[in-house]
Number of protein chains: 2
Amino acid sequence: MSYAELIETTGRVNDFLNAGSVLSWDARTMMPKGGAESRSKQLATLAVAARDLLCSDEMKRALDGAARETAGKDEESPEARIVAQVREAIDYHERIPAELLRRKTELGSAAHEVWAEAREKADFSIFAPALTTMVDINREMAEALGYEEHPYDALMYRFEPGTTQAGLTTLFARLREGMIPLIRAIAEADKPRSDFLFRDYPVDGQMAFALKMAEKIGYDLDRGRLDTTVHPFEVSFTRNDVRITTRVNKNYMPMSLFGALHEAGHAMYEQGVDPAYTRTPLATDLISLYAVGGVSFGAHESQSRLWENHVGRSRAFWKNHMDDIRAAYPGTLDDVSEEEFYLAINRSEPSFIRVEADELTYDFHVMVRCELEAKMIDGSLEVADLPEAWNAAMKEYLGVDVPDDANGVLQDVHWSSGQIGTFCNYTIGNIMAAQLFDTATSKKPEIQTALDNADYTPLRNWLTENVAQHGRRFSRDELLEKATGRTLDPEPYIAHLTKKYSDIYALN
Amino acid sequence: MSYAELIETTGRVNDFLNAGSVLSWDARTMMPKGGAESRSKQLATLAVAARDLLCSDEMKRALDGAARETAGKDEESPEARIVAQVREAIDYHERIPAELLRRKTELGSAAHEVWAEAREKADFSIFAPALTTMVDINREMAEALGYEEHPYDALMYRFEPGTTQAGLTTLFARLREGMIPLIRAIAEADKPRSDFLFRDYPVDGQMAFALKMAEKIGYDLDRGRLDTTVHPFEVSFTRNDVRITTRVNKNYMPMSLFGALHEAGHAMYEQGVDPAYTRTPLATDLISLYAVGGVSFGAHESQSRLWENHVGRSRAFWKNHMDDIRAAYPGTLDDVSEEEFYLAINRSEPSFIRVEADELTYDFHVMVRCELEAKMIDGSLEVADLPEAWNAAMKEYLGVDVPDDANGVLQDVHWSSGQIGTFCNYTIGNIMAAQLFDTATSKKPEIQTALDNADYTPLRNWLTENVAQHGRRFSRDELLEKATGRTLDPEPYIAHLTKKYSDIYALN
């Protein structure tokens, strides 16, 4: 009886969080501009309701009863995991003083406008005071949450549990060792043509083709839909309603297409979660208070990057779909061969802006942010010195000279809302994507054969079986061990990039 | 301090209810079909959260404190009204046993499918058992809520406070006396041509024209948007985001146009509520638990019917906009004069289906339902005898022979979800619309002059000042008295219909 109560009560937490997600989706896709102020109050009420119910006496009673009722269950059973996760989440949230949370939320609202002004004027000094306070609040947050080695570890826990500053340092060093030589060599190599990507591609045609390809790789439209937004995203309201957006540039077609494939990868993770986990903690992130079935932000990113890069940017994909894209844009790509198309969508070039970075240079944008965040949090870097440190790192890693703060330290929205510790998930996602794809295609050669023949079902099934279906039952490293035999390992990723870019740019 | 707490706590109730409204809007306009089951759970959780917070100890403490703090305030002041309304709402909801509410909700979900099957098969006997239980539950509900004369009064209170079965009986008798002679005379008269309404009207063109006209009469698109649905509706998420839908039939253009004008009338009510009332009980129906600024369902309907019928179906409107509609559908209406168009959109003909009924015959559909509902609730009509009673009433009032139950007693969805007592608001809305329009144009002749010149601002301003701005501060009858000098009065409505239809059909 008590376990059923725990499931029902956590189900209501899930409902509040999913309702919040619907309101957020609506705010970004459909809401008239007048609705913003009321909407932010509605979202705040839902967030507080979810947290309060999670930490309520009602929940604790149900939890204690459920713990007694499920005692002796296998440690990896869904029941045991649910009990453990609810207990951990209550403990996590109760460590954060209400007063600190309120200060963070209030500052987040105010800081966003300050950041937007600073970015528009390309003047970091406008944002610096708010960021200083935000760093202080995050440092308080880290102390409240607790950590073993570095306060940054406490902040990353919410997004990527188990990741540490020490671990990232080792990981990033290995990535640099493998990738910088490639970037340096490509800078000297001939560039493939890409002029045809910038031709006139009608907006409606782009949306139709993006949706067709997303469906082709397995995104279920009976439980989803595609819209356009300024920044593409995926969001789920349980596995039964998982929506994606993409952005369309009339004169740069890859944006809509790869945006849709990326978000469809995220969406298939959610759509593939075991239906039995719907509304349970195994499909609710009770730490970040976000109704999501993926086990970590990095694990989620692995699915989007796998479908976007390992499938969507592969030679095989365009061998199979070049005729489709030619038909989608009649006359526009007649002078372009499959090979030219493949080379163009994989052009690599260092740039200032993270969200526009290519597969090879993307991780350096992540490294810059993670390293600087960690230093701000441990106090070894003053906020005032951030732009200089940023520009120096961009120069060192990517060899680019940042022209101004708007194209540099002010480009991302995250810090304005107080999010510190989340960037690592992008690189962890890239690494996991390569590790999973390597295992899938090595263990089951028929998966690659199917991909060569435009059949995406075997790969999707393998990912559902080994990743998606488990929802949040296993930790990210447990999941990786079960699927690949080892925890996070950057070698398949480095090997993938080395092979791919050596080939494209005829290096060596 | 306590009054501020009451405002903040009722603000959270408003947030929950508005969040539910967003989820409902999304379910009807955007949601992929797979999302239905999860969505209904999310909606249930939000509804329970709103009710629980309303009746919580936290709310009662804030209420008691606020009552002390505002003691001595003018009885009509917003503060005094808020305190009184919250107290009344708590009392109302606490009279309903939780167990009865649960039975009603559960039956509602199940009965909807049974009703849909019965309607599809045009077989009332399939629905009869569920309806019998629903009537019993509503009777229990009436006993729990309490009433002075008739149990039906207790049920109508939620939708149209103060309305009684006795009052409706008198009102309906007067309407019949005024309107039946018109209907009988029209049956003998020549029919105006209307063939051109059924021509080919492109869907996109209809939506564009409907939106243009809605905006023209004053619907603010910075705080609104128009979409298409099977059944048109209006919904607000505070006055800052008020959305409407309409439905489009490619071969019957008036549906989209008058649907949009009707819903825009509802929307302008919400958009016109005093901004100071946002998130307060004066913009939250705490009895029906629906985040709405209108004072009753009937008052709301008065605004939609006023704009749809008194403005949108007037001669002046088409004198001014005939060129616009001709331009919207090039070539389609070239052979149609203003007068022919005006006559066609005002054709009156008795029919079986309420939602397709014209201005003159609509109220008879309402009377049939209200009278039969009251009899089922007081036990003077058995559910099994309902179809026969229905068909007899339709014959008596409108002279039509109902062909089958699908076109008769099964046509409306309301009973399947247990809604009994709501139909009266349509007729009350019609009566109020005429009463308000008559007062506005009599007191301020410049309003009619403006309408004659396609200027809708003076009328809209009068309605904002006399109706919308007050939100739920005054009762419906208080509002009517302040605006028109008297409570609900059917005479202007009967006079309007008599004048209009005598002219159109050249009666007498």
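Just so it is clear: chains get the letters A, B, ... in the order the sequence lines come, proteins before strands, and each one is counted from 1.
- Counting heavy-atom pairs closer than 4.5 Å to chain A, the top-ranked of the candidates B:E37, B:M31, B:K41 is B:K41.
- Across all their heavy atoms, B:S38 and A:F237 have their closest contact at CB-O, 4.1 Å.
- Within a 6.0 Å radius of CD in A:E113, other residues, nucleotides and ligands contribute 12 heavy atoms or fewer.
- The residue from B:D241, B:N18, B:L17 that alone fulfils the side chain to side chain contact (heavy atoms under 4.5 Å, CB included) condition with A:Q42 is B:N18.
- Among the candidates A:P32, A:G20, A:G34, A:A44, the residue making the largest number of heavy-atom pairs closer than 4.5 Å to chain B is A:P32.
- For B:R279, the part lying under 4.5 angstrom from a heavy atom of chain A is the side chain only.
- The line from CG of A:L46 to CG of B:L46 is 6.0 Å long, rounded to the nearest 0.5 Å.
- At a heavy-atom cut-off of under 4.5 Å, chain A is reached by B:L221, B:D222, B:R223, B:G224, B:R225 from residues 217-233 of chain B, listed in order of number.
- Ion pairing of A:D15 with B:R39 is absent here, as no side-chain N (NZ or NE/NH1/NH2) approaches a carboxylate O to less than 4.0 Å.
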